[in-house]
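In the text below, chain A, chain B and the rest are named by the order of the sequence lines, each starting its count at 1.
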Amino acid sequence: MAKPSRSPQPPSSSNFIRQIIEADLASGKHKRICTRFPPEPNGYLHFGHAKSICLNFGLAKDYGGRCNLRFDDTNPEKEEQEYVDSIIDAVKWLGFDFGGAALYASDYFDFMYRAAEYLVESGHAYVDSQSAEEMRASRGTFSEPGRDSPCRIRSPAENLRLLREMRDGKHADGAHVLRARIDMASPNINLRDPVIYRIKKATHHRTGDTWCLYPMYTYAHPIEDALEHVTHSVCTLEFEDQRPFYDWLLERLAEGGLLKRPLPQQIEFARLNLTYVVLSKRKLVQLVQEGHVEGWDDPRMPTLMGARRRGYTAEGLRRFAERIGVSKANQLIDLAVLEDCMREHLNEVAPRRMAVLDPVKLVIENYPDDREEQVDVPNHPQKPDWGRRQVPFARELWIEREDFMATPPKGYFRLFPGNRVRLRYAYVVECIGYDVATETVRCRLFEDSRSGTPGADQYKVKGNIHWVSVKHAGAAAVGLYDRLFKVPNPGGGERDFLLDLNPDSKKMITAKLEPALRNAQAGECVQFERHGYFVVDGPDSAPGALQFNRAVTLRDSWSR
RNA sequence: UGGGGAGUCGCCAAGCUGGUCUAAGGCACCGGAUUUUGAUUCCGGCAUUCCCAGGUUCGAAUCCUGGCUCCCCAGCCA
């Protein structure tokens, strides 16, 4: 059982949401909590959603409650089954269990409609027949109050008649809307008689053509929460102004006996921002549509499907969510935090292998051409129980181009004429020259320096380089990924974010691999020693023609 | 401009029922030790200061007053 090397102190063992929950549990307001992750199925999940997923499911888990995965599918024009499938897949991949089945806002359409009739009958809602433009004009501004719609005085009976006609498809899109009757002069614009139902003669991905009237998010969401007995409805900061309506609605429905108390409580937290990354829906769509990346699952994308392909692990993402904490202050997290989480986890789970990414040939002149041997190599230097493997060694080897320099800078301790390094887990060699024409590093080997033999460590060398036998090497495509943007804040200060795209975010190369890598399976993570963590790509790998994607490099205090 | 939020080290973030705060932890950074990955691990350093200014108090990051800065809201989107 591998124990985390660095002590993973829960960094935010305390945050304001936990305090609220603990107080509610202590006071007896709730004896069991329920949270929910409520995506609209109109796009693919990204790191920002991961934060929310980990938060909501994490809370439920920590306090012994449950967390629902609920699709907020109230706008048929934007939502598709494809997205629900992808979202379900992503949540499962992240490692969370939502009790077997996902829930849907659309399952509550009947209740929502009944509730709307109740609001109409009780005078809390009315049908407005103004155009969208008229409504906007009469809504007022930040500094001026709004004006009542002429329709605001319609009788409950007429409102009910109209609402039913709307439901029955007797009116065109936009002809009428249902509005809550609250206060057109409220300083909170969201309370100036918000629209709660609109006509949309569109086919819904689940309810088909049953409805031509669909509830607005602001109306639907509180009801969904209440119906599911969600106790703590955690959402992002931009919904803060919406909370008074959330509470107003639930109170009205509770008064009317349509809902039972205790009512859910909406709690807002700051959404995630990451340096060198864009997370806005609009920008991500643009990256895909304009072909700046190869799709939603491009390893450079901050989507969960992209992250997975890149070799980021679900565990790494969970540690990240834990580490960045939760608060109401806008956060801009350094990408390095995410990368460190990945390194930390991958270091624990990835077997070590040798691969030469930018090969240059090394010839051991005092090693016969027909000689060859197997050297014994650990699969993980800190985990002896992971066993060892045999790696073939011969006269001609591939080594990393940057591991040799004809004229080295100060401090360089790899190969250069006259210097000695250890060929990792094998022999110490001394560089005796470089043949420019054949790009070959010439060396001689010290027979008594073989790793694991007595006296091998009498050779004091600082350099220790990896290698792959030319004769035995396999080849594979390797995707070297770097941050998609070259600046910490893409598109900052009015700039077009596309101008900040990093032209070197992807580099495809062909690498030389040690034989043990030949049978790697899609999804398998390994560390290429001295390089970083790589995963076998799914889509672009074929048996015998593997592709490895670089998730993250190793730390490097020398500088690559 | 009205309303709603937020301001603790370069980036996050505990703390905020006042004293144990000359402020936890992580990332980043800088050492140094171990190391057949210039990796990992380890050890040490890194805010006399908590947006600013006043005030209350024996005592304030924590309470009060007044400023300043940043974010969000005027979709029949979510």
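Across all strands shown, A:Gly452 has heavy atoms under 4.0 Å from base atoms, whether or not it also approaches the sugar-phosphate. Nucleic acid contact for A:Val177: base, since at least one base atom lies under 4.0 Å from a heavy atom of the residue. Here A:Gly411 lies in heavy-atom contact (under 4.0 Å) with a base. Residue A:Gln242 is classed as a base contact, given a heavy-atom separation below 4.0 Å to a base. Within 4.0 Å of A:Phe239, counting heavy atoms only, lies at least one base atom of the nucleic acid. Note on A:Gln527: a base of the nucleic acid sits closer than 4.0 angstrom, heavy atoms only. Looking at heavy-atom distances under 4.0 Å, A:Gln130 makes contact with a base. The residue A:Gln382 sits close to a base: some heavy atom pair falls under 4.0 Å.
Where stacking is scored as ring centres under 5.5 Å apart with planes under 30°, A:Phe142 registers as stacked on the base of B:rC73.
Within the structure, every side-chain polar atom (N or O) of A:Arg192 is placed at least 4.0 Å from both OP1 and OP2 of B:rA74. Residue A:Lys462 places no side-chain N or O under 4.0 Å from the OP1 or OP2 atom of B:rU35. Remark: A:Ser557 is in phosphate contact with B:rA39, judged by side-chain N or O atoms under 4.0 Å from OP1 or OP2. Applying the 4.0 Å criterion to OP1 and OP2 of B:rU37, one finds that A:Arg352 has every side-chain N and O outside that range.
The partner of B:rG2 is B:rC73, judged by Watson-Crick or G-U wobble contacts that both fall below 3.5 Å. With a cut-off of 3.5 Å on both Watson-Crick or G-U wobble distances, the partner of B:rG44 is given as B:rC30. Look at B:rA60: it lacks any Watson-Crick or wobble partner with both distances under 3.5 angstrom.
A side chain to side chain donor-acceptor pair (under 3.5 Å) with A:Glu529 is found for one member of A:Arg424, A:Arg353, A:His466 and no other, namely A:Arg424. Among the candidates A:Trp467, A:Phe393, A:Phe446, the single residue satisfying the ring-ring contact (aromatic ring centres under 6.0 Å, His included) test with A:Tyr427 is A:Phe393.
Counting heavy atoms from C-beta outward, A:Glu40 and A:Asp73 have side chains that stay 4.5 Å or more apart. A:His221 has its side chain within reach of A:Arg36: a pair of non-hydrogen atoms, C-beta onward, lies under 4.5 Å apart.
Within a 6.0 Å sphere centred on CZ of A:Arg483, other residues, nucleotides and ligands contribute more than 12 heavy atoms.
Nearest-nucleotide positions on RNA chain B place A:Leu237 closer to the 5' end than the other of A:Ala426 and A:Leu237. If you find the closest nucleotide of RNA chain B to A:Met135 and to A:Glu238, the one lying nearer the 5' end belongs to A:Glu238.
In plain terms, the two heavy atoms of A:His205 and A:Gln81 that are nearest each other are ND1-OE1, 3.6 Å.
Candidate nucleotides B:rU37, B:rA74, B:rG4 were compared by shortest atom distance to the side chain of A:Asn464, and B:rU37 ranks first.
Applying the 3.5 Å distance criterion, the base of B:rU1 shares no donor-acceptor pair with the side chain of A:Glu144. One can find a donor-acceptor pair under 3.5 Å joining the base of B:rG3 and the side-chain atoms of A:Asp241.
Separating the C1' atom of B:rA13 from that of B:rG7 is a span of 13 Å, rounded to the nearest Å. Taking atom C1' in both B:rG44 and B:rC50, the straight-line distance is 25 Å, to the nearest Å.
Cation-pi contact between A:Arg70 and A:Tyr108: absent, since separation from the ring centre below 6.0 Å together with deviation from the ring axis within 45° is not met.
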Polar-atom pairs under 3.5 Å, protein N or O versus N or O of nucleotides 9-12 of chain B: list them with distances, or write none.
from	atom 1	to	atom 2	distance (Å)
B:rC11	O3'	A:Leu332	O	3.2
B:rC11	O2'	A:Leu332	O	2.6
B:rC12	OP1	A:Leu332	N	3.2
B:rC12	O3'	A:Gln331	NE2	3.2
B:rC12	O2'	A:Ile324	O	2.8

